[in-house]
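These notes concern the structure reproduced below.
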Number of protein chains: 2
Amino acid sequence: MSVTPTRDRQAERREATRREIVDAAWDIARRDGLAAVTLREVAARIGMRSPSLYTHFESKNAIYDAMFGQAWSEYLQVCEDIEPSIPKQVRKALLVMVSTFVEFALADQARFQLMNQRMVVDFEPTPQSYAPSLQVMALFRKRLALIGVAADADADLCVAIVGGLIDAQLANDPGGQRWIRQLPRAMDMFADEVRLPGPRLRSKR
Amino acid sequence: MSVTPTRDRQAERREATRREIVDAAWDIARRDGLAAVTLREVAARIGMRSPSLYTHFESKNAIYDAMFGQAWSEYLQVCEDIEPSIPKQVRKALLVMVSTFVEFALADQARFQLMNQRMVVDFEPTPQSYAPSLQVMALFRKRLALIGVAADADADLCVAIVGGLIDAQLANDPGGQRWIRQLPRAMDMFADEVRLPGPRLRSKR
DNA sequence: GTCTATACACCGATAGAC
DNA sequence: GTCTATCGGTGTATAGAC
């Protein structure tokens, strides 16, 4: 009579190998950029030949897909670990939310390019990998509503402003502060637009 | 005694061929995206073999470089053809400036990706091709100053907002209006921040 | 000078042996 | 599951024909 084992050692091993592959790809991406990731180097780093990767991922884009899902899941975790701030200082709460994202984005440029820019040309995330990014957006909207910003259009505008600042920063002054230092000012501007109460984060000149 | 011809027919022919190459590359980029441009297809379209392109451009990126410079030169021409609006309605003038850019950007997505996103990975524009984009930015700052927005930081913020809206539009709702329809509102928000006078372009709710 | 033919090194992906 | 061998594709280099 066959007995069902409590642990599927084979599945665990497979998952460990998939993780090794993804980690190696991140190493290369952080070192030389997302586009520098090649199957041959990924394989070499974990002691394999490139065709063997196809046992674990059906294509190179499937590896990017796993990286995409992992990055957004990590950021979702970061958001959930932060207690939603009290509505006492709503502008401070807004700044904390967007600063968290900015910090996460600037900390790893390759990761940000994969998450938010369409840096890998023929890559479209699968619904499964896209899910955590939708969860992040839903959580952001929920917390915006908590401090009094309920309209979808308002959240859209906020996301566009923050994204625009990050893009400009990375494109024109990578490693610098020229655009990002305007984040508190930009959030004051946005808060004024949506009539958030409270003192400004920065004075107007 | 040798006579210097008034026209250099050979140089004219060379320039015409370069133009043919660039035009063919634009056709492919508009059809299938920037990344779909291959030297073999560019060459085939103008009745050449791919190595022959190296007579006219030193690399594929040199073709992208020519396209980059051409796109920004065209936009510079568009800007110069528009009379700087009277400072009577400064908010209207601001909206006209940014709308011109948005319209140009959304009209040709491949062109916008080349001009403003870092879509081609290993491509850095040469100083010569970068020049017209600097001219555009200088003209934009000058006209902003004419309507009362003099600080560099203000222009940076404006550029980031508009860029963020365009990026979000193209990434999340290509062909739609969800983000771009907020442009007048965003410019009112910006105008309020920099204390531009005049009635709002859109009412606040 | 202009173009072709050929070749190289690299890429992602596939087939099939073990 | 991993290997070797190979395929069709890429950008690019170069020798040589005209």
Side-chain angles (χ1 to χ4, degrees), chain A residues 8-22 24-29 31-68 114 119-126, chain B residues 5 7-29 31-68 114 118-126:
Chain A
D8 188 340
R9 303 188 73 91
Q10 192 167 319
E12 284 175 12
R13 188 92 178 87
R14 261 188 81 80
E15 196 48 49
T17 303
R18 277 177 64 97
R19 180 144 204 114
E20 268 192 284
I21 293 170
V22 169
W26 277 122
D27 286 342
I28 301 167
R31 189 198 61 198
D32 288 329
L34 266 180
V37 175
T38 68
L39 297 185
R40 282 166 174 82
E41 182 174 358
V42 169
R45 276 174 176 256
I46 61 172
M48 277 188 182
R49 305 290 178 182
S50 60
S52 306
L53 299 178
Y54 286 83
T55 306
H56 305 277
F57 290 94
E58 69 174 1
S59 72
K60 182 183 181 181
N61 275 357
I63 299 179
Y64 283 133
D65 192 57
M67 296 164 79
F68 179 91
L114 181 60
M119 203 64 184
V120 183
V121 185
D122 278 333
F123 165 65
E124 283 289 328
T126 57
Chain B
R7 283 170 52 203
D8 186 341
R9 305 189 71 90
Q10 191 165 319
E12 284 175 12
R13 188 96 179 88
R14 257 188 84 78
E15 197 48 50
T17 304
R18 278 177 63 96
R19 181 145 202 112
E20 267 192 284
I21 293 169
V22 168
D23 287 348
W26 276 122
D27 286 342
I28 301 168
R31 190 198 62 197
D32 288 330
L34 267 180
V37 175
T38 68
L39 297 184
R40 282 165 174 84
E41 182 173 359
V42 169
R45 277 175 175 252
I46 61 172
M48 278 188 182
R49 307 293 177 190
S50 59
S52 307
L53 298 178
Y54 283 83
T55 306
H56 306 277
F57 290 94
E58 69 172 4
S59 71
K60 182 181 181 182
N61 275 357
I63 300 178
Y64 282 134
D65 192 57
M67 296 164 78
F68 180 90
L114 182 60
R118 296 147 295 293
M119 204 64 183
V120 183
V121 184
D122 278 332
F123 164 66
E124 283 290 328
T126 57

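Order of the sequence lines sets the chain letters (A, B, ...), proteins ahead of strands, with each chain counted from 1.
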Note to self: Do B:Val37 and B:Tyr64 make a side-chain contact, defined as non-hydrogen atoms from C-beta onward lying under 4.5 Å apart?
What the structure shows: yes
Next item on the list: Measure from the side-chain N and O atoms of A:Arg14 to the backbone N and O of A:His56, and report whether any donor-acceptor pair falls under 3.5 Å.
Entry: no
Check: Would you call A:Leu114 and A:Phe123 a side-chain contact if the rule is heavy atoms closer than 4.5 Å?
Finding: yes
Margin query: Nearest whole Å is fine: how far is D:dT2 P from A:Gln10 CD?
Written below: 11 Å
Check: Is the shortest side-chain N/O distance from B:Ser52 to OP1 or OP2 of C:dT4 below 4.0 Å?
Finding: yes
Note to self: Among D:dG11, C:dC3, C:dA13, which nucleotide has an atom closest to any side-chain atom of B:Leu39?
What the structure shows: D:dG11
Checklist line | Matching residue for A:Ile28 among A:Thr38, A:Leu34, A:Val42 - test: side-chain contact (heavy atoms from CB on, under 4.5 Å) | finding: A:Val42
Notebook entry, point to check: Hey, does A:Val37 reach any base, or is it just sugar-phosphate, or nothing, if we go heavy atoms under 4.0 Å?
Noted result: sugar-phosphate
Notebook entry, point to check: Separation of A:Arg49 atom CZ from D:dT4 atom P, in whole Å?
Noted result: 5 Å
Notebook entry, point to check: Is the distance from OP1 or OP2 of C:dG1 to the nearest side-chain N or O of B:His56 less than 4.0 Å?
Noted result: no
Next item on the list: Would you tell me if any nitrogen or oxygen in the side chain of A:Arg14 comes within less than 4.0 Å of OP1 or OP2 on D:dG1?
Entry: yes
Next item on the list: Starting at atom CG of A:Asn61, determine the distance to atom P of C:dC11, rounded to an integer number of angstrom.
Entry: 16 Å
Next item on the list: Output yes when at least one side-chain N/O atom of A:Tyr54 is less than 4.0 Å from OP1 or OP2 of C:dT14, else no.
Entry: no
Item checked: Rounded interatomic separation in angstrom, taking CG from A:Asp122 and P from C:dG12 -> 13 Å
Next item on the list: Give B:Ser59 one of three labels, base, sugar-phosphate or nothing, depending on what nucleic acid heavy atoms sit under 4.0 Å from its own.
Entry: sugar-phosphate
Next item on the list: Send over the distance from B:Arg9 CZ to C:dG1 P, rounded to a whole Å.
Entry: 18 Å
Checklist line | Spacing between B:Ile63 atom CD1 and D:dT10 atom C1', to the nearest angstrom | finding: 14 Å
Notebook entry, point to check: Whole Å only: how far is the NZ atom of B:Lys60 from the P atom of C:dC10?
Noted result: 18 Å
Checklist line | Closest-nucleotide 5' rank along DNA chain D - winner of A:Gly47 and A:Arg40 | finding: A:Gly47
Item checked: Distance in angstrom units between B:Tyr64 OH and D:dT12 P, rounded -> 10 Å
Notebook entry, point to check: Under 4.0 Å between a Lys/Arg side-chain N and an Asp/Glu carboxylate O for A:Glu41 and A:Arg45?
Noted result: yes
Item checked: Residue mapping more 5' on DNA chain C - nearest nucleotide basis, B:Leu53 or A:Pro51 -> B:Leu53
